[in-house]
Amino acid sequence: MKKAIYPGSFDPVTLGHIDVIERASKLFDHLIIGVLNNSAKTPLFSIEERVKMLQEVTKDLPNVEVKSFGGLTVDFAKQCGANAVVRGLRAITDFEYELQIAQLNRVIDHEVDTVFLTTNLKYAYLSSSSVKEVAAYGGDISQFVTPYVEEEVHKKYKGKIKGKE
Ligand code: ADP
């Protein structure tokens, strides 16, 4: 059974993430999405909210599971019994950072390999931060996230749209 993890912040999950999830779920028998509980970042959504949104958007993918984790990615992979880490690559700017992390992870644990999926060109420009930026100014994010996530993002910014205070 081939198991992989797909770690990230997913604050919030975008259509770019979902594209990677769908493709990875076809490559592996079991895919575990690891939502990172990173104390160094102040996310818009709590860890529970991010897990819930991911569960909602992946409910039709039977071999996909969502968990939260803290600490090292390779440790999380080991706990899950996975020997692959899936990451998405959008642009060359992602590459340098991702290559470094992948090499570091491989030094920490040589049994865990990183598999990169290049982004669908449709979503190459898309990031969780740009979704939040557009929503913070009251812009339309319906092309970037699912309707469920759109609703959740709007709830966060309700009554505090920038430039309209
Ligand atoms: P992190 O904080 O770990 O970068 P993100 O939630 O921003 O977490 O991203 C998780 C993973 O998804 C990363 O590998 C990132 O490169 C990838 N990713 C983010 N946006 C896209 C996109 N639009 N298309 C493909 N992959 C993406």
Side-chain angles (χ1 to χ4, degrees), residues 3-28 30-58 61 64-80 82-106 108-109 112-136 139-150 152-153 156:
K3 273 193 193 182
I5 61 162
Y6 178 35
S9 311
F10 307 105
D11 186 40
V13 56
T14 69
L15 296 183
H17 294 130
I18 295 173
D19 178 64
V20 170
I21 294 166
E22 284 173 350
R23 286 155 62 203
S25 73
K26 291 185 190 130
L27 294 174
F28 295 94
H30 193 66
L31 180 72
I32 300 135
I33 303 171
V35 187
L36 182 64
N37 200 355
N38 184 351
S39 50
K41 284 189 184 174
T42 315
L44 176 65
F45 290 97
S46 71
I47 189 81
E48 294 80 15
E49 289 170 328
R50 283 178 279 150
V51 166
K52 195 166 167 242
M53 282 189 282
L54 275 154
Q55 281 169 338
E56 172 64 32
V57 300
T58 59
L61 299 170
V64 175
E65 197 184 339
V66 187
K67 289 183 178 175
S68 62
F69 79 104
L72 294 177
T73 304
V74 284
D75 289 343
F76 177 63
K78 269 277 149 74
Q79 278 165 29
C80 295
N83 55 5
V85 177
V86 172
R87 294 285 288 174
L89 281 183
R90 281 162 295 190
I92 202 77
T93 40
D94 276 345
F95 182 74
E96 247 180 42
Y97 170 76
E98 293 290 344
L99 182 69
Q100 197 184 1
I101 302 283
Q103 288 169 337
L104 179 75
N105 285 344
R106 190 141 169 83
I108 300 174
D109 189 331
V112 177
D113 250 310
T114 304
V115 175
F116 292 111
L117 292 185
T118 52
T119 180
N120 184 326
L121 283 181
K122 250 178 15 194
Y123 305 126
Y125 61 88
L126 190 54
S127 68
S128 298
S129 336
S130 52
V131 168
K132 287 181 279 191
E133 186 73 9
V134 173
D140 177 13
I141 56 166
S142 61
Q143 292 180 69
F144 313 141
V145 296
T146 64
Y148 175 79
V149 175
E150 182 185 3
E152 294 303 303
V153 174
K156 289 280 176 191

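When a residue number appears, it is its place in the shown sequence, counting from 1. As the structure lists them, so they are numbered: ligands from 1, and atoms in each ligand from 1.
- Every residue two or more places apart in sequence or in another chain that forms a side-chain hydrogen bond (donor to acceptor under 3.5 Å, both in side chains) with Ser46 is listed here: Glu48, Glu49.
- Here CG of Leu31 is found 11.5 Å from CD of Glu22. Values are rounded to the nearest 0.5 Å.
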N/O donor-acceptor pairs under 3.5 Å from side chains in residues 9-16, not counting sequence neighbours:
residue	atom	partner	partner atom	Å
Ser9	OG	Lys41	NZ	3.4
Asp11	OD1	Leu44	N	3.3
Asp11	OD1	Phe45	N	2.9
Asp11	OD2	Leu44	N	2.8
Asp11	OD2	Lys132	NZ	2.9
Thr14	OG1	Gly16	N	3.2
Thr14	OG1	His17	N	3.3
Thr14	OG1	His17	ND1	3.4

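- Panel note: side chain Lys3, backbone Cys80; a donor-acceptor pair is recorded below 3.5 Å.
- Taking the side-chain hydrogen bond (donor to acceptor under 3.5 Å, both in side chains) definition, one finds that Glu65 meets it with His30, sequence neighbours left out.
- A 4.5 Å side-chain heavy-atom check between Leu36 and Phe69 finds at least one atom pair inside the cut-off.
- Within 4.0 Å of ligand 1, heavy atoms belong to protein residues Tyr6, Pro7, Gly8, Ser9, Phe10, Gly16, His17, Val20, Lys41, Arg87, Gly88, Arg90, Asp94, Glu98, Thr119, Tyr123, Leu126.
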